[in-house]
2 protein chains.
Amino acid sequence: MKELPKISEAEWEVMKILWTRSPQTGNEVIEALEGQMDWKPKTVRTLISRLLQKNAIAFQEAGRTYLYYPLVSQDDYVQTETQSFLKRLYGGAVKPLLVHFLREQKLSSDEISELKRILDEKTEEGPDRDRRKDR
Amino acid sequence: MKELPKISEAEWEVMKILWTRSPQTGNEVIEALEGQMDWKPKTVRTLISRLLQKNAIAFQEAGRTYLYYPLVSQDDYVQTETQSFLKRLYGGAVKPLLVHFLREQKLSSDEISELKRILDEKTEEGPDRDRRKDR
DNA sequence: TCTATAAGACTACATGCGTAATCCAAAAAT
DNA sequence: ATTTTTGGATTACGCATGTAGTCTTATAGA
């Protein structure tokens with residue numbers, strides 16, 4: 001697995017914009033964030049520059065301006081971040097977190113059904129079979 | 001809910017030590033982290049000082065030295081951090097995270113059973129009842 | 001009693017981050 | 001052709017963080 005660049009919280013907002021649609025010009029990104037983040041345009045451009053340096057995004061030139069697009073997938077990111085989050089707070093153990101959430105969170109009956117269904121699938125699959133290679 | 005001080009990653013390691021046992025002297029904390037974190041003693045003391053400033057911990061004087069203890073509970077912390085993590089990565093929606101984990105993670109059959117049991121409890125409880133006051 | 005030690009206080013310094021402003025060159029407007 | 005505008009590049013600056021080192025003062029040892 002390649003090294004994913006560290007994306008800060010503010011940078012993350014920019015990434016989200018580019019993940020939902022890309023490529024986009026700087027101005028488009030700025031507009032998309034407007035009203036939502038209360039950042040000056042220059043601030044957004046700074047974030048874009050930093051994401052470029054980190055190789056989290058890239059651009060194609062389109063005449064006088066650039067069209068930016070992500071180089072890392074949101075999925076990879078969420079995956080990695082979640083992993084390190086878990087490690088930090090729950091010592092890497094997933095179950096305590098799951099228990100915590102299943103207990104604490106409001107879930108609709110539909111959601112509960114869906115979760116149960118997923119658990120059922122896992123049961124059938126054979127819970128203790130060697131699944132090392134399955135992803 | 002009171003404002004929890006922000007605890008950095010390095011500081012978190014110190015907190016973990018104090019959460020598992022307290023109060024402890026600086027040296028005890030330093031020893032506890034030794035071999036585990038590869039920090040110079042002074043580094044640990046800096047972290048302790050910062051945690052003091054942030055009111056994350058406090059101390060009682062014990063003769064020539066201090067006995068440190070946490071002022072915030074690990075539970076509160078994990079709770080808050082998890083909340084903001086979720087908001088950041090999953091837009092606050094718990095279900096996608098649960099789905100993600102139930103799918104991706106290795107869980108033993110025992111664990112699966114336990115999770116199902118918890119879901120069953122929630123079902124009985126009446127999924128859409130107003131549970132605002134239940135914690 | 002004088003001195004060495006060591007705990008805690010204070011200082012240090014590079015890097016990352018949030019939050020921009022200024023500079024520069026090319027395109028657009030006049 | 002000259003001026004204005006505007007994207008993008010560069011620079012700014014304070015605070016947090018990781019990672020310590022130095023200073024000070026009160027005990028513990030000689």
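Chain letters run A, B, ... following the sequence lines, proteins first and then strands; every chain starts at 1.
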Base, sugar-phosphate, or nothing for [X], non-hydrogen atoms under 4.0 angstrom?
| X | answer |
| --- | --- |
| B:K40 | sugar-phosphate |
| A:T43 | base |
| B:T46 | base |
| B:T65 | sugar-phosphate |

Value in whole Å for how far the [atom2] atom of [N] lies from [atom1] of [X]:
| X | N | atom1 | atom2 | answer |
| --- | --- | --- | --- | --- |
| A:I30 | D:dG8 | CD1 | P | 8 Å |
| B:E9 | D:dT19 | CD | C1' | 15 Å |
| B:L47 | C:dC10 | CG | P | 17 Å |
| A:L52 | D:dA9 | CG | C1' | 11 Å |
| B:E13 | D:dT19 | CD | C1' | 15 Å |
| B:L51 | C:dG8 | CG | P | 14 Å |
| A:W12 | C:dG16 | CH2 | C1' | 18 Å |
| B:E31 | C:dA7 | CD | P | 11 Å |

Check whether any side-chain heavy atom of [X] sits under 4.5 Å from a side-chain heavy atom of [Y], and report yes or no.
| X | Y | value |
| --- | --- | --- |
| B:Y69 | B:W19 | no |
| A:I7 | A:V14 | no |
| A:W12 | A:Q74 | yes |
| B:V44 | B:E31 | no |

Any side-chain N or O of [X] below 4.0 angstrom from OP1/OP2 of [N]?
| X | N | result |
| --- | --- | --- |
| B:Y66 | C:dA6 | no |
| A:T25 | D:dG7 | no |
| A:K54 | C:dC17 | yes |
| B:K42 | C:dA6 | no |
| B:R64 | C:dA7 | no |

Residues 51-65 of chain A side chain polar contacts: donor-acceptor under 3.5 Å, at least two apart:
unit_1, atom_1, unit_2, atom_2, d
A:K54, NZ, A:K6, O, 2.9
A:K54, NZ, A:E11, OE1, 2.7
A:K54, NZ, A:E11, OE2, 3.1

Go through C:dA12, C:dA27, C:dC23 for me and flag the one nearest to the B:R50 side chain.
C:dA12
Per A:W39 side chain, nearest of listed nucleotides C:dT19, D:dG7, C:dC17:
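Comparing C:dT19, D:dG7, C:dC17 against the side chain of A:W39, the answer is C:dT19.
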